[in-house]
Amino acid sequence: MIKKLIVPFLLLLASQQSMAQGTDTGLKDSDAQLKAFLLQNLGIQVKQVKSLPVSGLKELITDRGVFYSSADGKYLLQGRLFNLNDGIVNETEQTLAGMRQEGIKEFSGSAIRFAAENEKYRISVFTDITCGYCRKLHSQIEQYNKLGITIDYLPFPRGGLNSQTYDDLVSIWCADDPKEALTEAKEGANVVAKTCDNKVRSEYEFALQVGVNATPSIITQNGTLIPGYQPPMQLLATLSDL
């Protein structure tokens, strides 16, 4: 079981050879200095530094996801951290779940909501209009709603920020009736170009930070990430088990 949980880690060693001559890569045990060091040398913006019950290791909440670092900034790890004393708890996933909850709360006002009349569950779905399974999920939106599942759509342009899909999603979120525009686009209609003040870029960047890399991706109210499409009854069973 433990062997199956071993994951490869990316180790980045910031050595004196990779820095300007005469510059010491080591840092004092200071969160502020650690943030500045990683931003300057790797372009990683650290939003929060958390101490861990692992000697010499700190958890970093960054604009690129969750990392782990030695206190002096010399070593950086990216991967999953498991707590084997508490029944093999994925500590990294717990951190990501908290990040997802905060982000979903922040972006709730810009989500395109298809509300259930008798809501039992509310999920956020990162979607793309060119994604086949996204279209399939949306074609069953009434079934999800009848089961008490409210769906809040958030944009995830699979082609990135310099794609036609990104422009189309901006147009949909800026439409006079975003729900209708999204439904029509997923049924194959051409998207009418429109611009406005929107959060498509920031929502896409947030999704990448918290482990979303494909569509549809479902985030539950407790921050659990469910990758991929699930039929209505299967999704209801999944949600009831969480």
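Numbers here simply count residues along the sequence, with the first being 1.
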message: Is there a continuous path of hydrophobic side-chain contacts, each under 4.5 Å between heavy atoms, that joins L96 to L208?
response: yes
- request: Examine Y68 and L39 and state if one hydrophobic cluster contains both, with Ile, Leu, Val, Met, Phe, Trp and Tyr joined whenever side-chain heavy atoms are less than 4.5 Å apart.
  value: no
query: With no hydrogens and no angle check, do the side chains of T62 and Q45 hold a donor and an acceptor under 3.5 Å apart?
result: no
message: For T165 and D128: C-alpha separation, side-chain torsions, deciding distance, then whether side chain to side chain contact (heavy atoms under 4.5 Å, CB included) applies.
response: CA-CA 8 Å; T165 307; D128 184 293; 2.8 Å; yes
message: To the closest 0.5 Å, what do you measure between OG (S70) and CG (L57)?
response: 8.0 Å
- prompt: Is a side-chain N or O of T183 found less than 3.5 angstrom from the main chain of K179, in a donor-acceptor match?
  reply: yes
- prompt: Would you say the side-chain atoms of N198 pair up with the backbone N or O of V170, donor to acceptor, closer than 3.5 Å?
  reply: no
query: Side-chain contact, heavy-atom cut-off 4.5 Å: I219 with F126?
result: yes
- prompt: Taking atom types as modelled and ignoring hydrogens, do the side chains of R113 and T150 form a donor-acceptor contact shorter than 3.5 angstrom?
  reply: no
- prompt: Does a side-chain heavy-atom distance below 4.5 Å link M99 with V66?
  reply: yes
T130 backbone acceptor or donor facing R135 side chain under 3.5 Å: no
- prompt: Salt bridge or not for E93 and R100, using N-O below 4.0 Å?
  reply: yes
field: Residue from L239, L236, L235 passing side chain to side chain contact (heavy atoms under 4.5 Å, CB included) with Q230
entry: L235
query: Got a second to check how far I104's CD1 is from T220's OG1, nearest 0.5 Å?
result: 9.5 Å
- request: Indicate the atoms forming the closest heavy-atom contact of R64 with L42, along with that distance.
  value: NH2-O, 3.3 Å
query: Within a strict 4.5 Å, meaning less than it, do heavy atoms of the Y75 and S69 side chains meet?
result: no
- prompt: If every non-hydrogen atom of Q221 is compared with every non-hydrogen atom of Q101, which pair is closest and at what distance?
  reply: O-NE2, 3.0 Å
- prompt: If we ignore angles and hydrogens, is there a donor and acceptor under 3.5 Å between the side chains of K186 and T127?
  reply: yes
- prompt: Under a 4.5 Å cut-off applied to non-hydrogen side-chain atoms, are L137 and Y144 in contact?
  reply: yes
query: Please walk me through it: do L60 and K50 pass side chain to side chain contact (heavy atoms under 4.5 Å, CB included)?
result: CA-CA 6 Å; L60 311 179; K50 297 173 63 178; over 6 Å; no
query: Rounded to the nearest 0.5 Å, what separation is found between the OG1 atom of T92 and the CZ atom of F82?
result: 7.0 Å
query: When you look at Q209 and D63, which way does the side chain to side chain contact (heavy atoms under 4.5 Å, CB included) test go after all the steps?
result: CA-CA 6 Å; Q209 292 171 25; D63 60 343; 4.3 Å; yes
- request: Look only at the side chain of D152 and the backbone of I123, and say whether a donor-acceptor pair between them is shorter than 3.5 Å.
  value: no
field: Heavy-atom donor-acceptor pair, S217 side chain to V212 backbone, under 3.5 Å
entry: no
- request: Specify the closest pair of heavy atoms between K194 and D176, including all atoms of both residues, with the distance to one decimal.
  value: NZ-OD1, 2.6 Å
Residues Q94 and N90: side-chain donor-acceptor under 3.5 angstrom: no
- request: Quick one: do I129 and L182 satisfy side chain to side chain contact (heavy atoms under 4.5 Å, CB included)? Show the steps, please.
  value: CA-CA 8 Å; I129 60 174; L182 181 62; 3.9 Å; yes
query: Got a sec: does the CD of E117 have more than 12 other heavy atoms crowding it under 6.0 Å?
result: no
- request: Taking all heavy atoms of I151 and all of N145, pick out the closest pair and write down the distance.
  value: N-ND2, 4.5 Å
statement: For D31 and K58 the tightest heavy-atom approach is OD1-NZ, 2.6 Å
field: D197, CG atom: more than 12 neighbouring heavy atoms under 6.0 Å
entry: no
- prompt: Is I172 close to I112 at the side-chain level, that is, under 4.5 Å between some pair of heavy atoms?
  reply: yes
Show me the donor-acceptor pairs within less than 3.5 Å that the side chains of residues 199-206 make with the rest of the protein, sequence neighbours left out.
residue	atom	partner	partner atom	Å
S202	OG	K199	O	3.0
E203	OE2	S110	OG	2.4

query: Under a 4.5 Å side-chain heavy-atom rule over Ile, Leu, Val, Met, Phe, Trp and Tyr, are L77 and V89 clustered together?
result: no
message: Nearest 0.5 Å, please: how far is CZ in F156 from SG in C131?
response: 10.5 Å
query: Would you find more than 12 non-hydrogen atoms of other residues, nucleotides or ligands less than 6.0 Å from F107 atom CZ?
result: yes
message: Within this structure, what is the OG-OH distance for the pair S139 and Y133, rounded to the nearest 0.5 Å?
response: 12.0 Å
- request: Report the distance from atom OG1 of T238 to atom OH of Y121, rounding to the nearest 0.5 Å.
  value: 10.0 Å
- prompt: With no hydrogens and no angle check, do the side chains of S124 and Y153 hold a donor and an acceptor under 3.5 Å apart?
  reply: no
field: V191 to D168 - nearest heavy-atom pair and separation
entry: CG1-O, 3.7 Å
